[in-house]
Amino acid sequence: MSEWRRAMLACNPVALAIAAALLAAPAAHAEDDGDKLNNPKPLADDVTLPLPCGGEMVFRYVYVLAKGSLDDREVNLGYPFSEGEPGYKQSFISGYRREYINGQFSLGDLPAAWNKTIAGQLPKPGKGEPLKPMFYFLGKYEVTARQYAQVMAQAQSLAEGQEAPACETLNLPDGVPGRLPKVKLSRFEAERFSAVYSAWLMKYQRDRLPVSGRGKNAEDGGFGFVRLPTEVEWEYAARGAQAVSRQELEARLFPRHVEGGEGDGPLGDWAVYNQVSGGTGQAARLMPIGTRQPNPIGLFDVLGNAAEMVQESFQMVHAGRLQGAYGGFVVKGGNYLEGEGTLFTGMRREYPLFAPDGTEQRNETTGFRVAIGALSAPRSRYQELFEQWKKEGRLAGLTDAIDETQDPTQRLDGIIAATTDPQLQAQLGTINEELKRNVSLIARQREEAAGNLIQSSALVAETINNYNIRLTNLRKNQQQAEQAKDAATAKLFGVAIQNGSSALDGAVAIYIDNLATGTRYTDAVIQAQFQRIKEELNRKPVIGKSLVTRATLFVRHVSQYRQQQRADPAAILKELLASAVPKP
């Protein structure tokens, strides 16, 4: 044990309790305790920004596959509680609701070092795939006491345009106290930290920041800055974001896979919470960053330890959406005093901005992590956004049967522009906007349906292959029975073969019906949904590779059917069987 630790333990009972807690942590993490103040659990694809007076703030990337900045992904947050389940009586706080998410940065917007780190971890895009990853970035750990002190020491010099204070004069928390999440600060102080850190980065490390749209100057508005994450950003990332399947994304807790095991590992390996039961004597306490395992995208302590503030004011949940009244500030993830039964990824609480005595509200259990944001619409991106916006709500986007130049919504735009009567123009404009809104809604539903069609057709193709394997085995068995002159058994196999052949033909017919259905969607919709489905299927370790092969063939068959308006069942079956992925 180092001298500073002996001294700390000798005079500080709180430090002694922290050290005892560290010794009680899972043995797999003991090797990480020490002087790694900023990144005790490094990952190969971490990205970082420097901190004043040395060290770094570590971030994890989150992405959404999108057509561009104006596109987004629909996600479900919260949890659909059942009666009697923990949390049911507070469904108006953390209930199931629909939200939307996208990132603000494309791969080309990132600093060269970040681009190099991240690019190799992304799914390799296929030729002609219309979607690209749109990124945002979230702190890998909760902001620590040391990081908070490092940044806030710069506040006065930045505000007054003076030289930064000499680092050797700063009394910064070190060791275990420096690694503890910064708590007992107000929402205003967390935002102030973000503002000071952003100012310092812009002044001294501007080239290290991502730039939305890669504008040529600072006035363009695209430079990244540090802020609190939005609630949707926080929860989508906490659930596992791009690293988990759709079903896992909506589960009560994020997946906690154990290598070589089945099912999820114990939550205590991933979260710091109150595990006191049966008189263990182990009281719950705040722990340093990085003492547990990360969630699927590499974030630590999204459950338990310090609860975390997010950007928005609190709104209740009403009828599957956020309700229109705004309250205090939102805190996510639960804290170290929570019991295991109350923790879930969609957890949220409301706290007042001010204490009863009028001072800023500060909680012993609440800290924060930061995100990197930018303007959603920097001037350098105006043209791109306008072109995307013009395509929204167009009927031509729903079906190839409508030519873009003959799109009724586009023609109505022209009629409105040519109308000289202001009152009529306003009425037609209202009608056109409502039409476009409904078309956009239908387009989203059709995109969802197209994705489901691709995935279900891949499963039908897999079923056809399984039917064929069963038929092959039945024919072998029938042949063996005939060779043994067992007529009765051979007859039974013959009936099974006949039934199996009928089932196989029926499955092929369903597959071809799906091809016809696929042509009702535009080729752009099919290609975009195929890209999303392919990424989803690649996460399935057992059957994913086979289903990707099936889905790829289905998309090609849809394209052929679109041109020929027919399909030959025998030829389709031959191709499906030829594409089978050998069983491991």
Side-chain angles (χ1 to χ4, degrees), residues 21 25 77-81 85-97 138-144 180-185 187 190 228-241 249-256 264-277 282-297 299-312 314-317 327-352 361-369:
L77 304 184
Y79 189 72
F81 297 101
E85 194 174 8
Y88 173 69
K89 291 185 177 180
Q90 293 186 328
S91 295
F92 56 89
I93 293 178
S94 301
Y96 204 54
R97 63 197 183 278
L138 205 59
K140 180 177 175 179
Y141 308 99
E142 294 160 338
V143 172
T144 65
L180 289 174
K182 175 64 179 175
V183 294
K184 203 174 182 182
L185 78 167
R187 158 78 174 274
L228 291 178
T230 68
E231 185 172 2
V232 181
E233 287 173 338
W234 190 99
E235 189 169 330
Y236 178 65
R239 288 175 176 272
L249 194 66
E250 297 187 6
R252 184 181 177 94
L253 293 165
F254 58 77
R256 303 176 308 285
D264 289 325
L267 185 60
D269 288 351
W270 277 264
V272 176
Y273 58 89
N274 189 352
Q275 302 186 53
V276 175
S277 62
Q282 297 266 335
R285 55 180 60 85
L286 190 68
M287 295 286 285
I289 61 169
T291 62
R292 298 296 191 267
Q293 295 191 46
N295 86 334
I297 62 165
L299 299 176
F300 288 78
D301 293 320
V302 289
L303 293 177
N305 215 25
E308 299 175 24
M309 291 178 268
V310 293
Q311 194 174 75
E312 295 95 335
F314 180 87
Q315 295 171 270
M316 291 184 292
V317 178
F329 64 91
V330 179
V331 167
K332 301 288 290 181
N335 60 64
Y336 60 89
L337 296 177
E338 304 283 352
E340 180 173 2
T342 65
L343 288 175
F344 61 100
T345 320
M347 188 176 184
R348 63 201 295 260
R349 298 198 190 282
E350 177 185 22
Y351 286 106
Q361 177 74 29
R362 297 175 177 87
N363 302 324
E364 295 277 1
T365 57
T366 303
F368 68 110
R369 74 180 71 220

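Since we're looking at a predicted model, the values are computed, not measured.
- No donor-acceptor distance shorter than 3.5 angstrom exists from the side chain of R349 to the backbone of M347, with no hydrogens or angles considered.
- Under the 3.5 Å distance criterion, the side-chain polar atoms of N305 are left unmatched by any main-chain donor or acceptor of V272.
- Under a 3.5 Å cut-off, the side chain of T345 and the backbone N or O of R252 do form a donor-acceptor pair.
- Two rings, from F81 and F344, have their centers less than 6.0 Å apart.
- Contact between L249 and A241 at its shortest, heavy atoms only, is CD1-N, 3.7 Å.
- Between atom CG of residue N335 and atom CG of residue L343 there is a gap of 8.0 Å, rounded to the nearest 0.5 Å.
- Residues G367 and A306 approach most closely at N-CB, 3.9 Å, considering heavy atoms.
- The backbone N or O of E308 sits nowhere less than 3.5 Å from a side-chain atom of E142 that would complete a donor-acceptor pair.
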Review point. Can M287 and R292 be said to form a side-chain contact (heavy atoms from CB on, under 4.5 Å), step by step?
Key: CA-CA 10 Å; M287 295 286 285; R292 298 296 191 267; 4.2 Å; yes
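- F300 contributes atom CZ, which lies 5.0 Å from atom NZ of K140 (distance to the nearest 0.5 angstrom).
- Here L286 contributes atom CG and E364 contributes atom CD; the two are 9.5 Å apart, rounded to the nearest 0.5 Å.
- A distance of 3.5 Å separates OH of Y273 from CD of E340, quoted to the nearest 0.5 Å.
- A donor-acceptor contact shorter than 3.5 Å is absent between the side chain of R362 and the backbone of V183.
- Side-chain atoms of R348 never come within 3.5 Å of backbone atoms of G346 as a donor-acceptor pair (strictly under, hydrogens ignored).
- In terms of modelled atom types and a separation under 3.5 Å, the side chain of E235 and the main chain of G78 share a donor-acceptor contact.
- The closest side-chain heavy-atom distance from V302 to F254 is below 4.5 Å.
- Summarising the geometry, atom CG belonging to L228 is positioned 6.5 Å from atom CZ belonging to R187; distances are rounded to the nearest 0.5 Å.
- In this structure, Y336 and T365 have side chains that are in contact, with non-hydrogen atoms separated by less than 4.5 Å.
- Of all heavy-atom pairs spanning G341 and P86, the tightest one is O-CB, 3.8 Å.
- Here the closest heavy-atom approach between residue I289 and residue P181 is recorded as CG2-CG, 4.3 Å.
- P294 places none of its side-chain heavy atoms less than 4.5 Å from the side chain of L299.
- Side-chain contact between L303 and L267 is present, with heavy atoms from C-beta onward closer than 4.5 Å.
- Judged as a side chain to side chain donor-acceptor pair (under 3.5 Å), and not counting sequence neighbours, the contacts of Y236 are R73.
- The heavy-atom pair separating V330 from K332 by the smallest distance is CG1-CD, 3.9 Å.
- When every heavy atom of P229 is checked against every heavy atom of R369, the shortest pair comes out as CD-O, 3.2 Å.
- Between atom CH2 of residue W234 and atom CZ of residue R239 there is a gap of 9.5 Å, rounded to the nearest 0.5 Å.
- Using a 4.5 Å heavy-atom threshold, the side chains of F314 and V331 count as separate.
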